[in-house]
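Data first, discussion second: the structure below is written as structure tokens.
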Protein chains: 4
Amino acid sequence: MAKSVNKVILLGNVGKDPEFKMLPSGQGVANFSIATAERFKDKGGEWQERTEWHNLVAYARLAEIIRDYVKKGTKLYVEGRLTTRSWDDKESGKKVYRTEVVMSELSLLSGRGEGDGGSGGNYSRSSSSAASSSSFDQRPSGSPDDYAHSTEITDDDIPF
Amino acid sequence: MAKSVNKVILLGNVGKDPEFKMLPSGQGVANFSIATAERFKDKGGEWQERTEWHNLVAYARLAEIIRDYVKKGTKLYVEGRLTTRSWDDKESGKKVYRTEVVMSELSLLSGRGEGDGGSGGNYSRSSSSAASSSSFDQRPSGSPDDYAHSTEITDDDIPF
Amino acid sequence: MAKSVNKVILLGNVGKDPEFKMLPSGQGVANFSIATAERFKDKGGEWQERTEWHNLVAYARLAEIIRDYVKKGTKLYVEGRLTTRSWDDKESGKKVYRTEVVMSELSLLSGRGEGDGGSGGNYSRSSSSAASSSSFDQRPSGSPDDYAHSTEITDDDIPF
Amino acid sequence: MAKSVNKVILLGNVGKDPEFKMLPSGQGVANFSIATAERFKDKGGEWQERTEWHNLVAYARLAEIIRDYVKKGTKLYVEGRLTTRSWDDKESGKKVYRTEVVMSELSLLSGRGEGDGGSGGNYSRSSSSAASSSSFDQRPSGSPDDYAHSTEITDDDIPF
DNA sequence: TTTT
DNA sequence: TTTT
């Protein structure tokens, strides 16, 4: 009896541009990580900060939203559930574990033009390419963005 | 700007009796794991159940409550935060990761006399020792419990 | 941009047997309330307890589960979202507000035989005596419930 | 047995500039409301949006942070607990209820210079005073703010 | 690897 | 009363 609960709530910043893959089944998968920071007092009574990194996975539609709108530096609110996969390391033969958060909810918190590693706030990457570009992922990260006219995305651009 | 959030909520059953250790600092630490179960439909449309195991850690007062009241089979509600520790495996030299939930809140959900994996036991182990025994931890796990008369704990026995 | 979040998590005990109604649409609705307790220190440094009551609403399948398995005293874990309805009081003409939690998840935490306000009861209301309970008889799922001998429900009895 | 849980998680936008009051005890209180939006399909299968308003209260330090950094339009992540106060309406004599979320955690999600409803974007009140004024709290609320030149706050300005 |  |  009693259904169990397995819920994770994270609010933090994306470390690197997400990876997006299409499974043979045709379902998309996005992988990336986000950082959260905790403050604590060390033994000397000084405030320290520790960064925690969380591995995230998303499937299907959520994976596509991530592919299209999430990049390095984006601030996100995420809900999901904890999963731990394990396999045998090929070299050592030892069991290896990897814990991930399988996402179920996402809220994009970086404003338009925010959430960029500093190069000038171009959500155009996602906005422009979101519409059309499946070759988007191949674009070298950091390449010039020639959609300078569309540096803003409007609400209507975001299909969720 | 923007404080981050790192929150885990779990409701599930304890896998084995928790381990309790006293750190050199005099602070207690409890380690154990709980299971949650997800239901999902497999490709054939059949309902399957997958069990997920979560590593939990608690410190200080929470560790002592766990030592005294939690055992194999206990149903728990837990809040905490995700942390991942890593170290180099001595044999292979490879980096190893272990993700744990550091507990901040606990609610014991097994009724009196419940929460036992089937071996007949009950809360008496904790109830009796809660009252009196700080040497409780040294008691070999599995030792006979001779407090058969006190198989019930009342709310007043629980100091939290 | 940014999807909003409206989430409530409650763990507490049911105050009275839930009310169940069938809407004209054929959809069921369950209404009940649960209590949570907070401890706080008063000005004199004494620990006090304050009970908070929460109005819950559930629809459809969740409403039926509640009708069948939840009663006065049952301990529940609930997830839901906050909603506030308002209307004009007929007598005074003043606007009246009522905030409720619309349930999306439920975990029944009272063990078999627990969750009763003290009368020694058990799940019989839902399992066996479900049939005999007053307002309960509107139940369309109709099966006469004459299993008076089966005052225990097993996990297999619960269809969720 | 079993501690209860009473937790609310909200992510939404502030409706109006918060009200801040100092209690006779010297403790500050902030009151404001935030909106969340739900999407649902109506009977005709069309997507509709419903806005839900939540009353928030914060005390002490959190109240001061809100006074200093939160205003109309600010996007917030909030954790808190549900409380319902009641009193007798003076005119009708009827019992009136008001449900509020007592805040325990806050994350400011509006970027610098964002979160303004259009009326002039003055984070300056907080930015300027945050930067320089430790006597800020004594400043009569509503006094002119002549730091118009510092409309940006940097991360270092925010003491939390 | 992020961010403040 | 907000925001997308």
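In the text below, chain A, chain B and the rest are named by the order of the sequence lines, each starting its count at 1. Please read all numbers here as calculations on a predicted model, not as lab measurements. All heavy atoms count here, side chains included; hydrogens, waters and symmetry mates do not.
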When the distance from [atom1] of [X] to [atom2] of [N] is rounded to whole Å, what number comes out?
X: A/L56; N: E/dT2; atom1: CG; atom2: C1'; answer: 12 Å
X: A/D17; N: E/dT3; atom1: CG; atom2: P; answer: 11 Å
X: D/N55; N: F/dT1; atom1: CG; atom2: P; answer: 14 Å
X: D/F32; N: F/dT1; atom1: CZ; atom2: C1'; answer: 13 Å
X: B/K95; N: E/dT1; atom1: NZ; atom2: P; answer: 11 Å
X: C/Y97; N: F/dT1; atom1: OH; atom2: C1'; answer: 12 Å
X: A/L11; N: E/dT3; atom1: CG; atom2: P; answer: 15 Å
X: A/R50; N: E/dT1; atom1: CZ; atom2: C1'; answer: 18 Å

Hey, does D/Y97 have a side-chain heavy atom less than 4.5 Å from the side chain of C/V96? no

How is D/T36 classified with respect to the nucleic acid when contacts are heavy atoms under 4.0 Å: base, sugar-phosphate, or nothing?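 Result for D/T36 = nothing.
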
Sugar-phosphate, base or nothing in reach of C/S4, heavy atoms under 4.0 Å: nothing

Among E/dT1, F/dT2, E/dT2, the nucleotide that comes nearest once only the side chain of A/N13 is considered: E/dT2

Once salt bridge (Lys or Arg N to Asp or Glu O under 4.0 Å) is applied, do any residues pair with D/E91, and if so which ones, sequence neighbours excluded?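 Applying salt bridge (Lys or Arg N to Asp or Glu O under 4.0 Å) to D/E91 gives C/K94.
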
Can you name the salt bridge (Lys or Arg N to Asp or Glu O under 4.0 Å) partners of D/E46, sequence neighbours left out? none

Is there a donor in the side chain of A/N6 and an acceptor in the side chain of B/E52, or the other way round, less than 3.5 Å apart? no

Does A/K72 place a side-chain N or O at less than 4.0 Å from the phosphate oxygens OP1/OP2 of E/dT1?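 For E/dT1, neither OP1 nor OP2 has a side-chain N or O of A/K72 closer than 4.0 Å.
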
Just wondering, do A/W53 and E/dT2 stack (centres under 5.5 Å, planes under 30°)? no

